[in-house]
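Below, read A as the first sequence line, B as the second, and so on, with proteins coming before strands; counting in each chain starts at 1.
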Number of protein chains: 2
Amino acid sequence: MNEEKDTIELMENGHSIYLPHLSIDCVIFGYHEQQLKVLLLKWKNRNRWSLPGGFIKNEENLRTAASRILKERTGLDDIFLQQFHTFGEPTRSERSPEDVEHLSSITNTPLDMEHWLLKRTVSICYYAVTEFSKVDPQPDFLSEQCEWQEIDRLPELIFDHRDMIEEALKTLRLHIYHQPIGYNLLSEKFTLPEIHDLYETILGKALDRRNFAKKLLSLGLIKKLNERKSIGAHRSPYLYKFDKRKYEKALKSGIVLVI
Amino acid sequence: MNEEKDTIELMENGHSIYLPHLSIDCVIFGYHEQQLKVLLLKWKNRNRWSLPGGFIKNEENLRTAASRILKERTGLDDIFLQQFHTFGEPTRSERSPEDVEHLSSITNTPLDMEHWLLKRTVSICYYAVTEFSKVDPQPDFLSEQCEWQEIDRLPELIFDHRDMIEEALKTLRLHIYHQPIGYNLLSEKFTLPEIHDLYETILGKALDRRNFAKKLLSLGLIKKLNERKSIGAHRSPYLYKFDKRKYEKALKSGIVLVI
DNA sequence: TTTTCATTGCGTAAAAATTACGGAATAATA
DNA sequence: TATTATTCCGTAATTTTTACGCAATGAAAA
């Protein structure tokens, strides 16, 4: 990350590189220690956090822009991502004089009220799900930290980013039935208790573990492996993996994976 | 509709009234004679059709803009509408020299390639559902007709508007289980066969009419009226209406109205 | 070595929902 | 009066969901 170069590109040339008035924000979900987490950035010299985001280059596809932004923060290609809502309150990106001063100071750029970055911005939002352990969080030049935060204990967020996370979670809960959420959040090999915990965490409610397992196995989308996972002073659970072909076929045909 | 005034407002002053690079397109569903229909506009002097759409005023909320656009085409306030996808292929709004010439001629405005209307535009899309009979279709100054078209027999559409309709229909099919679709598409009073036909049409598959009726009645969301609808040489079906309070309560609580 | 504890695997059974389908009631027409 | 076709109001078999039990297991404690 070349901070000086990025700063100039955004602050001074951004108005001709990027589509004005439009941005992209990403809600990146990960799952770790039975907690749904979301990747956030902490602004330099501020106790304010934000979602990973950025702008759309003039000749860039929306999805390509979202993927690029994701790659920059996570180090990963080909993350599963879905557009879920476009936020556009006229005042959503307004900054107080203090905020403007702060932005000016961390970018070493004088800002007047006509600067393209201070204009009204409509944000096209995507959610992404990926394996927690594969992510290598990378702050951008405006931030000092890029970290996973628990969905139930979010820090103070800028603009409408908290609303974005809430809307993304609602969408995730609906999509869990016909999008490859579990498939992308879990390791390639997982146990029944692990996928059970994941669904309980996402749906925010208790599911009977015996009925859940029975139903999931009856769908025929996962395969039991000849491997068990040692978990200490208890019976070692079997490992499973998704039958990729059957799973993708089911998704394509729109079969509702109701649990 | 004052054509000259609207033309000047859009073509000459639009760049300062509206947010550039952003538009709104609406997929308006109606239901008539057991057919799902969508409201379309036919361009002047052209056999090309488009969805109702428009731009967002600088201080206008996205949803407010969508409502305004809907009102202008349908004459109705408070139509049920939901944002469903933002389309933004870089080339989606490109026009051939022929198309530019055509636009110039129907607006009596010379257009050079720097005109704000010819720039790349990202479109925020909404679907709406409303009672077919209440709509008073109104073409805008670029169009000579505003008409309902059957979802299964669409005319030639500009840009990615066919994709928009397909995506809207997919969303409608998912939303039918937890959004007031039937409630907004049917008359206040309807019969069991009418709502059964509506669901079959939207879902695109046969539903057993005896099981459908039984299930719908078991949800407790509709009330049988002391009225029947004479349909000629057959037994007159009873009329029903939604129990508004129970229905809204069910929607709020997220009860899935699975049929 | 035996016992304890807590998790996982593999069920059983009752309740609820879904699915398939029949025939009486009805109303205009022949 | 008989015919036709639609609606109403079912019954019953099948499937799914829900609730829950207990044996197998494995590390740690006694």
Short side-chain donor-acceptor distance under 3.5 Å, B/Glu33 and B/Gln35: no

- request: Nearest whole angstrom, please: distance from the C1' of C/dA27 to the NZ of B/Lys229.
  value: 16 Å

- prompt: Does A/Arg210 or B/Ile231 map to a spot on DNA chain D nearer the 5' end, using the closest nucleotide for each?
  reply: B/Ile231

- prompt: What are the two closest heavy atoms between A/Ile69 and A/Cys26, and how far apart are they?
  reply: CG2-SG, 4.3 Å

task: Give a yes/no answer on whether the side chain of A/Lys214 brings an N or O atom under 4.0 Å of OP1 or OP2 in C/dG11.
output: no

statement: In short, A/Ile231 meets A/Ser236 closest at the heavy-atom pair N-OG, 4.4 Å

query: So, A/Asn61 versus B/Glu89: side-chain donor-acceptor pair below 3.5 Å or not?
result: yes

- prompt: Counting heavy atoms not belonging to B/Glu188, are there more than 12 under 6.0 Å from its CD?
  reply: no

- prompt: Rounding to a whole Å, what distance do you find between A/Phe212:CZ and C/dT7:P?
  reply: 18 Å

message: Once you apply a heavy-atom cut-off of 4.0 Å, does B/Lys224 come out as touching a base, just sugar-phosphate, or nothing?
response: sugar-phosphate

Whole angstrom value for the distance that separates C1' of C/dC10 from NE2 of A/His196: 16 Å

- prompt: For the pair made of CG in A/Asn211 and P in C/dC10, what is the distance, rounded to whole Å?
  reply: 15 Å

Whichever of B/Arg209 and A/Leu192 has its nearest DNA chain C nucleotide further upstream toward 5': A/Leu192

message: Looking at every heavy atom in both A/Arg63 and A/Tyr126, which two are closest together, and how far apart are they?
response: N-OH, 3.7 Å

- request: List the atom of B/Thr191, the atom of B/Lys229, and the distance in Å for their closest heavy-atom pair.
  value: CG2-CD, 3.9 Å

field: Length of the CG-P vector between A/Leu207 and D/dT16, whole Å
entry: 19 Å

- request: Find which nucleotide of DNA chain D each of B/Pro193 and B/Asp208 is nearest to by heavy atoms, and output the residue with the more 5' nucleotide.
  value: B/Pro193

field: Atom pair distance, as rounded to whole Å: CZ in A/Arg235 and P in C/dG11
entry: 11 Å

- request: Measure from CG on B/Leu216 to C1' on D/dT7 and round the result to the nearest Å.
  value: 15 Å

Please tabulate, one pair per line, each protein N/O and nucleotide N/O from nucleotides 3-5 of chain C that are separated by under 3.5 Å, including the distance.
none

- request: Find the distance B/Glu194:CD to D/dT6:P and express it as a whole number of Å.
  value: 15 Å

